[in-house]
Each structure stands twice: as C-alpha cells, then as structure tokens.
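Please read the structure below before turning to the comments.
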Amino acid sequence: MNEVTRILRQIESGDPSSSDQLLPLVYQELRRLAASRLANEQPGQTLQATALVHEAYLRLLGNDSADQTSWNSRGHFFGAAAEAMRRILIESARRRKQFRRGGDRIRVELEEGAAISDVSNELLSLDEALAILDKKDPLAAQVVKLRYFAGLKMQDVANSLGVSLRTAERNWTYARTWLRANIAED
Amino acid sequence: MPTPNDNAKSIFLRVIELEEAERHEFVLEKCDGDDVLLAEVQRLLDHHTETGSFLDALPAEIVGQTATFGGSYGEGDRIGSYKLLQTIGEGGMGVVYMAEQMHPVKRRVALKIIKPGMDSKQVLARFEAERQALAMMDHPNIAKVFEAGTTESGCPYFVMELVKGVPITGFCDEQKLSTRERLQLFVTVCQAVQHAHQKGIIHRDLKPSNVLIAKFDDKPVAKVIDFGVAKAMNQELTERTMFTQFGQIVGTLEYMSPEQAQFNQLDIDTRSDVYSLGVLLYELLVGSPPFDRDRLRTAALDEVMRIIRDEQPPKPSARLSTLGAKAATVSSNRSSTNSVLGKSIRGDIDLIVMKALEKDRTRRYETASGFAADLKRFLDGETVHARPASTWYRARMTIARNRGAFAAATVIMLGCLIGLTGAIVGLSRAAAEIQAKNQILAQLRETMTGEALNLALVGDYANAIERIDALKQTEADPSLCLALRGMAHLYSLKDGHNAEAIRLFEEALKHDRNSIPATTGMWLAVDQLGEYDKMSSLRRRINNLRPRANSDIDRFFLTQTTRHIEPKATHEQLERLLRKHRFWAAAYAFRGRTQAQLAKLNYADAATVVAFEVAIDDFDVASKLAPESVFVASDYLLALVEAVEFARFHSLSSKEAEWMSKASQLYASLPSTDHRFGYAFRSRTMYLALTGDWAAIDAIRSSMPNQEKPPRWILAAFWFADKQYDEFERFVDSRPDDPTKLDDALRAIYDVDVTHDVDAVASASEAIFDSDSVATGVDGVAVTTHLLLGRPDETARIAKKLLSMESLLDDPWYTLILEYIASPSDENEAKLLRLAGPFQYDRMWAYFAVGMEALANGDRSKARACFDEVLRTGILDGYFVWAYAFKRRIEADPAWPSWIPANKELVSSSR
C-alpha cells in the first residue's frame, strides 16, 4: 500500500489529522506534473487540469486506485487535488502579473497586450470571491473547486461530497451566480 | 435559524425553477418585508441570467490562453505584405483575419495566424514540402492556400483564398435544405476532396468549419478550406497534444478516422478523409455526429480514442430516433418531419454512410469519388454499392484479431474458403483475398514493430515484451522478434540486461545472419559495455548490410550506428523516417542529436541559435513521447549542455537561462542507475562541470572503478595514475587475446613507464597500427597516447598512414585529431582549438592532443596546462581520465616521463 492510500485509509478510519498530510503530497505531485509539462512547452501551451488531476490520481494511488478505493476516499483525494490545482493556478496567475510589471523582460515582450493580464486578473478576483463564498457557504465553494479547478464531472462532484446529484447541481447554479454577482461588483 | 445568506440561496434556487410570471410575487412573499434579503435575492437573480458560460471553461484553458497570443493583432496591423482588416473567425488553433495583400497583386485574402506552441520552423518546413502539390490544385470548390510564413512574434500563419461563407452544417440548417439538397451539395464536397487526392494532397482535418458554403448567383457553392494546413501543423495525436492541446483537438477528434485516433498511427491516406467525409455527411443528415458530442467532450482522451477506434456508431436513422426532443428541430431544419426524415435515411443512406465510417479503411469507399458516385446512384434511384459486411470479411477480421488461436484454424479455413470461393468466382478472386489478408498482416506487423521498438527504447519492458509476443502472432520474422526482445532487455536497466540482450541478439543472428536489427542491437550492446574490441568487426558487417526493401525498421536501426559519425546523412534519413512515423520517440531523439552536432559546426554564427532550438524541440517531443527513458534524457542533457555553452559564447543570456533551467530539471530527473552507461557518464559530468559542481564530479570519478563493468580504457588510466601495475597485469591476463590490439596499446603505455625502453616499446606499439583489424576506438586514442613514447615524428607518420587508409569511421573529429598529429604546426593547433569552440567535449579532445604533442616534445609545462584544460571540462571520458593520469604523474615527479628529455632545443631539432 502506498503512502497516499495509507493516508486515505487513516482519514476513513477517523483520523482527521491525516488530511493535513494529504494536501502537500497531492500538491507536490500536481505541481511536479504541471511544471514538467509547462516548463518544456513553449509559452502559450494550455494545460489540462482534468488530465493532470487524473494522472496524479493514477500516479499517487497506483494499483490501489479504482478498485479498492472507496468513493469516500476518492472524495478526499479529489478535494485535495482541487485545492492543490487552485493554488497552482493562482500562483501561475500571480506570476504572470509580475511579469507584466517587468519582472521578466522577455515574457513582457512575448505577452504584450492587456488581454493577457485581464484573464489573470479574472482568475485572481474569482479566487478572492471564492474565499468569501467559502466562509459563507463552504459546500457551494467546494462544488466550485471540484467542478472548476479539478475538472470533475457533476456526478463525481456529488459523489466526492457525498451529496445527491441534484444538490450538487443546485449548489453549482447558486455558486456560479453568487460569484458572478460578487465579481461583477468589483 | 437560517442566516440571510442561506435564505437568499434557498429563495433564489426556488425562484429560478418558477415561470417568469410567478417569480416577482414569490420573492416578495418570501422576503416578507426584509429589504436586505430582497436586495440580495434580486442581485442574484439579476446575475443569474448573465452567467451564461461563466466558469464552464476549465481554468487550465484560461491559463493557456493568458500566455497564448504572442502579439495579439488588430485591424490595421501588418504581417508581411498583408494588412489586417478584421477578424473573421477564431478557433482552437488560431485566429483568422480578413486581410489585404499589397503586392504583387492587390487582393483580399484570409490570413490565419496559428497560436504559439507550434514549432514555426517545422510547420513551415512541412508546408514547403507540400507547397508544389498545393499549387497544382485548381478546383472551384477548393480554397487555395497561397503561402505560409512566420509573424514577428514567431507564430506561423497561412494565407489563403478569402471565402465569405458559413460552415456547411450551419448553412444547411439555416436554409432548411432537404436531405436531397444536402446530398447534392455534399457530392460536390466529395468531388473537391477527390481532386485534391488526385494531386496527392490529403486534407486530414475535414470538419464542418473547414467546408464553407457561399452563395454565388443564389446557388450554394461549397469551398473546402485549409488544405495543407493540418499536414503542416502535424496536428495529430501525440502524448504531447494529450496534455497540452486537449481542448483544442477535441473538436477535431469527432471527425477523425480510427487510424488517426491512435498514438502510433498507420500512415494516413486518402481513406482517412473518406471517413471524415462520412462523419460530416452523418451530421448533415441527422444533426449530430456519430458519437455523442457531450460524451466525447467529458471523456478522458484515451477513452475518446478508444470510442473512435472500437465503438460501432449507430446508423444515422437509429441515431435520429435517439435524439429525443432535439429530433423535431433536426427534422424541421430539413423541411421534414421525424418519421419522413427517418424513412428517407433508413436503408441505402444508412448503408452508404456506414460504409464510409468503417473502422477498417479497406472496407471504406476507396476514394471520395467512389463515395460520391454511390450517393449519386441513390439520388438517381439506382442500386447502391454499399453492402453489409460479407461473411468472408467477418471471417478474415476474426483471423486477423485472433491470430494466435486461429493460426492452425486459418490454414484449414483458408483452404475451405479458397475451395469455396474458387468454385464460385474463380481462383483469381481467392488469390486477391489472400493478398488482402497478407496486406493486413503486413500493416499489423509494421505498427506493432514500431510500437514494440518505442516501448523498448522507453524502458517499458513489460509492455514491450507483450507487444513483441503479439507481433509473433502476425507471422513476423523470428529474428526481428528476438532482436526486439534484445532491445527491450538492453534498455530495461534490469540486472544482467546486457548479457541477456547479447544472448538474444546472437540467437537472432542464428536465424538470419544479416539481420540489421540484431547486428545493430549487438553493436549498441557492446558499445554500452565498452567492449570496443568487438565493435570494429560488427561495424564492418553493418557497413555491408543493406536494408531490406521498404523496411523502415531496418533503416531506423541503421541510424543508431551512424548517427554519431555521419550526422548529416543520418539526419536526412531520420527526416525521411519521421515524416512517415511521427511517434518514434527514439527517432526524434536521434534527429535532435544529429541536429545539435550539425549546429555545433556552425557555432561561430549567432544565428545558429535557431538550429539549437530545433534540436531542443526534437528532444522535447522525444522526452514527451518517452518521459521515462534514461537514454532520451541523457542525450537531451548533452544537447542542452551544448546549447548552454553556445548561448554563453554569444552572451545570449535569456536562452542560456532557459536551456540551463531545462538542463537542471532534466539532471534532477536522471536516475542514479544510469551510471552504467557511457553516454550518461558523459552527459552528467558535462552538466556538473557547467554548474561548477566539481565535488559531485569527483564523487562520480572516484566511484567509477567500482561501477559494474566500467570501460577498461578508463580503468587502465586510473591504475596508471596510481602506478597499480599489478592490477593492470591481472586484468590483461584474465582476458583472452584481444584481436583489436586495444590491450596492446594500453600495454605500450605501461611498458614504457616501467622499462623506459622506448625503442623496444615503439616497435611493438607500431605493430598495432600495421594490423588491419585496428578498431576505431583503439586507433583514435592509441595514436594520441603513442606520443607518450616521445617520438612525435614517427607518430605523425602513423597518423598520416591512418588518414590515407579507408577510414572505418567517418567521424569528423577523429579525422581532425589525426590531421593535427600528422602535422602539428601552430596553425593546425589553432585550427583545432578554434573548431572546438566553446564546447567542452570537443575541447577535451583538442587539448588532450595538443597536450600530448607538447609532452612528446618535452614541453611539460605546456602539457600540464593542456591537461588542466582537459580536466576543466570535467567530462569523464577516455581522454579525461588519461589527462588525469598523466597530470597526476607529472605532479608526483616533475621529471616524468623521464625518457623524454625536458628541453626546448629538442623540440626544434626534432622538427
């Protein structure tokens, strides 16, 4: 049994402190995957969050994956992956903003045009709004993280959170609208 | 007690399920005079309508796009001789502008700028390759592609005939064309595609957005656009696209043929376009492509590929009946009703579409015109040629799929079938069927061999073996299977992998003494073991082998033995192979290596930076196709080190930083087990020297004698440095006679050190070079170390003799060194050092030769300075260790080597 599987088992057997060990592991793996994919690309390559998360899942859980892991554990995993992916994307958006300010001459040349930082800004203000939503309505925020950052299908979001598909969908509708409303005000 | 937020949420969620008219009252009632709550709910409702696709796109795609448009262009901008007028379309791969061409003619064109991420140089090269054929296309239904170029920010662009039209699916729906009208329009599309096929152009990316309809004199006219673009962009499935361009290719995937939807593709031919046309017709008829769009968009890529390859799509008429509510819209868009539309499609049209969509391309319409002809037959009320799969076909596919189990049965079945069909249609038909079966087998073999080889080179032993076992079932050449097995072992890094590989290669050679895979595999194995003595005879045999007709596998194996010594010819060969086999990871790595070698020759020109970029690009692809391969990584590291050296030389600091960071990442990912490989020693220590990490180099150097099977050339040098003569004697005694005289060459170094009897050693040593079995590895080094005897003039004579012999190796550096030793003038010395340029590896060779020449002439201080330069390169290779050994000896005893008088007069008198 590998380390991630072990942690997932511990979480399931009711040891909440194990959750803290999961995030760094998942984060590290995703970061490594993302970095190796992105670093070797020329600027402008897209990177598929869903593919990354699923690859990380297979890598980290290996042969212990699909068959032996309960949905509950997979929920924990995808929760950690969504959070990790969010951090990675936000970091990347922040970096991009720095480049705009002249942190990297070459990048600025390559990435001229305001549209670029607009998208980064969008992602950053989404994240700020998401943090507020998380305080008010953690379930709705969690749906956004799983759906948007980890790229899970709605049924998988529901399974991960242990709620019905309808509840997941309703929360998604609400969260989207709430975020839209609160970002629009900025 | 619910908080206002909870309240707002639940009220909001309930309101949006109500009819518009009921909403206002419901909200007022629920908020019950709470103005704050009312405002919050109202605010949510206001924004609800505008959420649209908000957050639908995955963030990763946003991240990509943020960096995507290298310079975003706007109206009025100029690209080449074109002035951009307005944006007319935007797709996954790029943006299309209407533009005005200034000269040579003033005309309006469509200019498509490809998003960055493509290698512009390769895109343009591929476009150029097809340019002539493209120019030959002249058809009213084909939009011409005029030219391709690169924008200032490095994105490729294509200039083509401006078509003011809309995608065919949208047009047909808008105009509510009937099925019959759709078929008529579609037939003209087939004819256009046929025209291109006759000129040798395959579209590769036929989809609605590439088939535009414009009205001329009120008649709809189809124009197929983007011919040559997909090919130039090499827009096919690789591991690379899987992670980087997934979002962009999904739209294309729906129209992709099964043979395109796999990583190791068979070569694409015109029948792939026939398939895409089939998908297009399917969608024109029933409003949806054969596979559910939502399903494809949410599935993982490998699942999408599996669906396209394996899943039998429903017939168009069946698909129509599963569309549910959507069917009514589809029917009304066709000026029809569900039942009438269903009836009109059922039967012949179903058959025709499904024939175009056959998974096995040999079962499809042979040509686009054949497809069109059958549609015309239908329109004219004649009998169509599309027919359900025959019994024979099913039997044949079963045999092909289950080769092993059916091996014996096949013979019997074939016998029966030959008898049967022979009785009915005559023997010639049966012979044709057998030929068809053989063709299928040959194709299977080719694909599986490529896959097996790739897996072997990646070090994926288990899967490689599985593939090889499958390959055996296709009646593949047993020597090929054995050789592939050997390759899998060779690259598996398992214990004893070399020995097992050699055993397998030997067995393969028993089956076929002239097997190129086995002979070259053997050569690689002994190279890795450092058994240079066996290499020369293998090399001679390889030089005499010729690839079997049409065997790309043979050609590819041959490049493995020529890539270091004939970079240019090998490079060209690899170009040819990669044009056909786009997923041969090792071929990319080899091409990257040869490209870097060629670039090095031009190092003085800063523009060569492009050549290095191309080389690095190749390695990028190779390492993506084979991310776990130590071998690819090791050569990649070597190329990166050389690129950094080049960038430093020209003060290209940003390039230096870019390549250096890649090199660091790669270095960190190299497993420590690769110590067993000569190449990896070299690459690793080169990288460490680049970063100035001498402690790490020392650690590797001191651990070298303890490595499993280090090359004896290296061991001998370490022993020599410490005067461990006994170790050397024991080692030589334990070995059988060495036909290549490498041991003799080493012995000369030891003997002169022990006996100081230069004359005796010289006559023995010179005999080495009389032998015609001199191995390349031996004379290359032995001539240089022969200078240790202190007889530069005699050594020069030997070098001249070797130069006049037909060289076993055509390595330009080897020749250069020999030329210098043959004529060690100041001028030649300068030339040698100049050619070495900033590259440590070449400097190592050059300075060692110059140092040995100085030593032979009694100039110990110059020799030491040169050996220092060699050591400064840090590269653990043959010359480095001898420079290390000789320097150690000079340091221990300033008069060493005592048999060479230490004075300058001798230098001038001996010349």
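Source: prediction; values computed, not measured. A note on names: the letters A, B, ... follow the listed sequences, proteins ahead of strands, and every chain is numbered from 1. The figures that follow rest on heavy atoms only: side chains count, while hydrogens, waters and symmetry mates do not.
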Name all residues meeting the side-chain hydrogen bond (donor to acceptor under 3.5 Å, both in side chains) criterion together with A/Lys145; count only those two or more places apart in sequence or in a different chain, and write none if there are none.
A/Glu83

Contacting region of B/Ile16 [heavy-atom separation from chain A under 4.5 Å]
side chain

Side chain, backbone, both or neither: which part of B/Glu658 has an atom under 4.5 Å from a heavy atom of chain A?
neither

Between CG on residue B/Leu44 and CG on residue A/Asn182, distance to nearest 0.5 Å
8.0 Å

When rounded to the nearest 0.5 angstrom, what is the spacing between OH in A/Tyr174 and NE2 in B/His48?
13.5 Å

Return the minimal non-hydrogen interatomic distance between [X] and [Y], and the atom names on each side.
{"X": "B/Phe12", "Y": "A/Thr173", "result": "CE2-O, 4.3 Å"}
{"X": "A/Ala181", "Y": "B/His47", "result": "CB-ND1, 3.2 Å"}
{"X": "A/Arg170", "Y": "B/Leu13", "result": "O-CD2, 3.4 Å"}

SB check B/Glu17 A/Arg166 (cutoff 4.0 Å)
yes

